[in-house]
Amino acid sequence: MEQKTGSFEVKKGLAQMLKGGVIMDVVNADHAKIAEDAGACAVMALERVPADIRADGGVARMSDPDMIQKIIESVSIPVMAKCRIGHFVEAQILESIGVDYIDESEVLTPADESHHIYKHDFKVPFVCGCRNLGEALRRIGEGAAMIRTKGEAGTGDVVEAVRHARTVLGEIRRLQNMPEEELMAFAKEIGAPYELIVETRKLGRMPVVNFAAGGIATPADAALMMQLGVDGVFVGSGIFKSGDPSKRATAIVKATTHYKDAKILADVSRNLGEAMVGRQISAMTDAEKIATRGW
Amino acid sequence: MKIGVLALQGDFAEHQVMLELLGAEVTQVRLPEHLNGLSGLIIPGGESTTIGKLATAYGLMEPLKTFGKTQAVWGTCAGAIFLAKDAHRPQPLLQLMDIVIERNAFGRQVDSFEVDLKVPGLNLTGKQDIPFHAVFIRAPLIESVGKGVEVLSALEDGRIVAARQGKLMATSFHPELTRDDRFHRYFMELAK
């Protein structure tokens with residue numbers, strides 16, 4: 001009975017256990033406890049939430065391992081942490097301190113403008129962002145065991161999350177109706193590995209779990225993404241930049257489970273206090289947008 | 001046969017696919033009234049704290065306990081924790097099975113593993129000699145079992161990873177992540 005660790009099955013498997021859940025950005029152990037008590041299925045440990053990264057400017061890097069370690073010690077649920085796109089040494093460091101998932105994230109300043117990390121080399125699984133099916137399948141080709149649509153992090157505006165989810169899911173629907181002889185040209189068109197195109201068509205869904213991220217700020221936003229067809233949601237700045245983080249976090253968890261039940265959604269949306277202030281994406285310049293990072 | 005999957009959080013859809021391939025009619029259970037008319041219920045893998053909090057918030061704890069007294073219930077991973085009488089942590093548990101669970105017993109995600117298990121009890125399906133390929137994800141361990149609990153499978157070192165008590169079953173691993181339907185068949189026999 002030989003035990004095998006680090007296989008793609010067990011990497012992908014953890015993401016399957018997160019389905020139907022909410023993954024929350026936390027910046028310290030107290031936040032992590034609040035998130036766990038609210039019913040988060042995992043937390044993302046980072047030094048600054050995306051809204052603050054935006055406001056502060058400058059280079060955003062992997063967080064202090066000591067701070068991540070303290071969060072790991074404070075909760076029983078899985079802990080994720082972010083490394084810069086292409087920065088495989090930050091990823092090696094995160095793996096060595098025992099994070100459960102690495103987010104190779106456009107929210108941090110990219111370290112490589114042409115290449116992402118070769119993720120098959122790691123025992124720890126990776127989640128990566130995407131705006132369309134081609135980008136998603138390129139990341140899976142590199143070894144990502146989970147995908148999240150990017151949205152536009154740190155804005156509290158759900159419009160890009162919707163755009164990216166609709167794009168990916170729409171492309172999968174198109175793929176399913178495509179005759180076999182068109183698949184190679186489609187692979188070329190969207191820049192995706194042919195084998196993964198074939199697999200996606202056969203499954204009728206992405207071959208790994210797909211969450212939504214970037215701009216989700218209310219229970220209704222979370223339910224909207226779930227009804228569009230994603231497997232779960234990441235909430236970043238939306239919780240701890242709001243008036244009552246604990247209450248809002250609990251409400252978003254409930255909304256993600258009961259996403260089709262409008263009565264429950266109405267109930268959990270009551271008296272949540274101030275939502276995060278937010279920034280309207282249509283009023284932003286292209287240079288301010290971070291979803292375009294990643295290749 | 002009508003089987004429910006507790007659909008609060010986790011990989012309930014994977015269980016649903018397996019059950020439907022075996023001809024069961026599947027209901028997703030999110031509220032107490034969804035339990036009506038079911039012969040069995042699967043509590044999926046996921047985060048046991050999340051599942052426990054949502055079950056508490058929507059008044060499912062008592063109905064689930066009552067359901068488990070007469071009907072078949074199977075918990076995989078987080079579901080096994082939820083069925084246990086004790087998990088060494090303050091979190092909502094159904095306490096239907098006389099088993100003690102140690103959460104995250106094998107370490108963190110980098111320690112998650114796959115292994116071929118011997119499960120003699122699966123001979124119900126006539127394929128008893130074939131090992132069961134089991135996927136363990138941040139898995140719990142069944143630390144001890146009470147009287148009346150049958151050990152279905154253990155690792156080579158003797159640590160328990162599957163157990164049954166009457167119509168109740170707990171597995172540390174995830175048969176729903178494989179293509180091997182023997183555990184699901186076994187459970188449907190329990191639910192008959």
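Order of the sequence lines fixes the chain letters, A, B, ..., with proteins taken first and strands second; residue numbering starts at 1 for each chain.
- A salt bridge between A/Asp100 and B/Arg108 is present, with a side-chain N of the basic residue lying under 4.0 Å from a carboxylate O of the acidic one.
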Do A/Lys254 and B/Tyr58 pass the side-chain contact (heavy atoms from CB on, under 4.5 Å) test, and can you show the C-alpha distance, the side-chain angles, and the key distance before you say yes or no? CA-CA 9 Å; A/Lys254 289 176 176 173; B/Tyr58 288 94; 3.2 Å; yes

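- Put simply, CD1 on A/Ile77 and OG1 on B/Thr50 are 6.5 Å apart, with the number rounded to the nearest 0.5 Å.
- Most heavy-atom pairs under 4.5 Å with chain A: of the set B/Gln91, B/Glu47, B/Glu176, B/Glu14, this distinction falls to B/Glu47.
- The greatest number of non-hydrogen atom pairs below 4.5 Å with chain A, out of B/Ile51, B/Val135, B/Leu54, is found for B/Leu54.
- Each of B/Leu8, B/Asp111, B/Asn104 has some count of heavy-atom pairs under 4.5 Å with chain A, and the biggest count is that of B/Leu8.
- Distance check: A/Lys11 NZ to B/Ser112 OG gives 11.5 Å after rounding to the nearest 0.5 Å.
- When side chains are defined from C-beta on, A/Met17 counts as touching B/His174, because their heavy atoms get closer than 4.5 Å.
- Within a 6.0 Å sphere centred on CZ of B/Arg89, other residues, nucleotides and ligands contribute more than 12 heavy atoms.
- Only the side chain of B/Thr49 comes within contact range of chain A, judged by heavy atoms closer than 4.5 Å.
- Across all their heavy atoms, A/His258 and B/Leu31 have their closest contact at CE1-CD2, 3.8 Å.
- Contacts between A/Val79 and chain B at a heavy-atom distance below 4.5 Å involve backbone atoms as well as side-chain atoms.
- Counting all heavy atoms, side chain and backbone alike, B/Phe113 lies closest to A/Thr5 at CB-CG2, 3.9 Å.
- The part of A/Ala40 that comes within reach of chain B is its backbone (N, CA, C, O), which places non-hydrogen atoms under 4.5 angstrom from that chain.
- Heavy atoms of other residues, nucleotides or ligands lying less than 6.0 angstrom from CZ of B/Phe67 number more than 12.
- Using a 3.5 Å distance cut-off with no hydrogens or angles, the side chains of B/Arg103 and A/Ser76 do pair a donor with an acceptor.
- Residue contact with chain B, scored on non-hydrogen atoms closer than 4.5 Å, involves the side chain of A/Val268 exclusively.
- Between A/Glu36 and B/Lys53, the shortest heavy-atom distance links the atoms O-CE, 3.2 Å.
- Summarising the geometry of B/Gln9 relative to A/Gly20, their closest heavy-atom pair is CG-O, 3.6 Å, with the distance given to 0.1 Å.
- Only the side chain of B/Ala13 comes within less than 4.5 Å of a heavy atom in chain A; its backbone stays farther off.
- Interface residue A/Asp37: backbone and side-chain heavy atoms are both found under 4.5 Å from chain B.
- Residues A/Pro78 and B/Arg138 come closest through the heavy atom pair N-NH2, 3.4 Å.
- Evaluated for a side chain to side chain contact (heavy atoms under 4.5 Å, CB included) with B/Glu114, the options A/Glu9, A/Glu2, A/Gln3 yield exactly one hit, A/Glu9.
- For B/Lys65, the NZ atom is densely surrounded, since the number of other residues' heavy atoms within 6.0 Å is greater than 12.
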What do the steps show when you test A/Gln16 against B/Ile137 for side-chain contact (heavy atoms from CB on, under 4.5 Å), and what is the final call? CA-CA 10 Å; A/Gln16 286 172 279; B/Ile137 312 265; over 6 Å; no

